[in-house]
Novice: 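What follows is a single structure, and I will ask about it in a moment.
Just so we're clear, the structure is a prediction, and the values are computed from it rather than from any experiment.
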Amino acid sequence: MIIFITSEHCRFCDAMKQNTLCDASIRSRLAEGFVPIILRPDKNAKVLARIPVTTYPTTLLAHPRGKVIAHRVGYQPPDRFHELLGMAPRSPN
């Protein structure tokens, strides 16, 4: 899972949505085996009460059972986002 935690009126969140999450190579990679989740404090307060978020955006890479593997805080350009996705364990085929 890749969990993008964003906030309304956050210019860095908006930049990441426009520049990183809309990047064709990122979208293609996410479609290859990630479950993308977007959380906002105004819509997902209960879930976010359990996740310590100090800065928006915050991006978590997590195992489907909920264990956080890695996280990044702040704006992540596509190259850094690819690095984060590369930390995901490979599934056996």
Novice: Counting C-beta onward and ignoring hydrogens, is there a side-chain heavy-atom pair between F4 and L39 closer than 4.5 Å?
Specialist: no
Novice: State which residues pass side chain to side chain donor-acceptor pair (under 3.5 Å) with S25; sequence neighbours excluded, sorted by chain then number.
Specialist: D23, H82
Novice: What residue pairs, at least two apart or across chains, pass salt bridge (Lys or Arg N to Asp or Glu O under 4.0 Å) with a residue in residues 28-43?
Specialist: E8-R40, R40-D42
Novice: Should L48 and I3 be counted in the same cluster of Ile, Leu, Val, Met, Phe, Trp and Tyr side chains packed under 4.5 Å apart?
Specialist: yes
Novice: Return the set of residues passing side chain to side chain contact (heavy atoms under 4.5 Å, CB included) with S7 (not counting sequence neighbours), or none when no residue passes.
Specialist: C10, P41, Y56
Novice: Are V35 and M87 linked, directly or through other ILVMFWY residues, by side chains that come within less than 4.5 angstrom of each other?
Specialist: no
Novice: Indicate if M1 and M16 have the same hydrophobic cluster label, given that clusters are the connected sets of ILVMFWY residues with side-chain heavy-atom separations under 4.5 angstrom.
Specialist: no
Novice: Could you check if a side-chain atom of I37 sits within less than 4.5 angstrom of a side-chain atom of I2, using non-hydrogen atoms only?
Specialist: no
Novice: Would L85 and L30 satisfy side chain to side chain contact (heavy atoms under 4.5 Å, CB included), going step by step from the backbone distance to the final call?
Specialist: CA-CA 8 Å; L85 296 177; L30 287 173; 3.9 Å; yes
Novice: Before giving the answer on side chain to side chain contact (heavy atoms under 4.5 Å, CB included), spell out for L21 and F81 the whole-Å C-alpha distance, their side-chain angles and the decisive distance to 0.1 Å.
Specialist: CA-CA 9 Å; L21 298 178; F81 202 82; 3.9 Å; yes
Novice: With hydrophobic residues grouped by side-chain heavy-atom distances under 4.5 Å, do I38 and V47 end up in a single group?
Specialist: no
Novice: Sequence neighbours left out, cut at 3.5 Å: what donor-acceptor pairs do the side chains of residues 71-80 make with other protein atoms?
Specialist:
from : atom 1 : to  : atom 2 : distance (Å)
Q76  : NE2    : V73 : O      : 3.4
Q76  : NE2    : G74 : O      : 3.4

Novice: Are I5 and F12 connected, step by step, through hydrophobic side chains (Ile, Leu, Val, Met, Phe, Trp, Tyr) whose heavy atoms are closer than 4.5 Å?
Specialist: no
Novice: Counting only N and O atoms by type, is there a donor-acceptor contact under 3.5 Å from the side chain of T20 to the main-chain atoms of K17?
Specialist: no
Novice: Could you pull out all donor-acceptor pairs under 3.5 Å where a side-chain atom in residues 59-68 meets a protein atom, sequence neighbours excluded?
Specialist:
from : atom 1 : to  : atom 2 : distance (Å)
H63  : ND1    : R65 : N      : 3.1

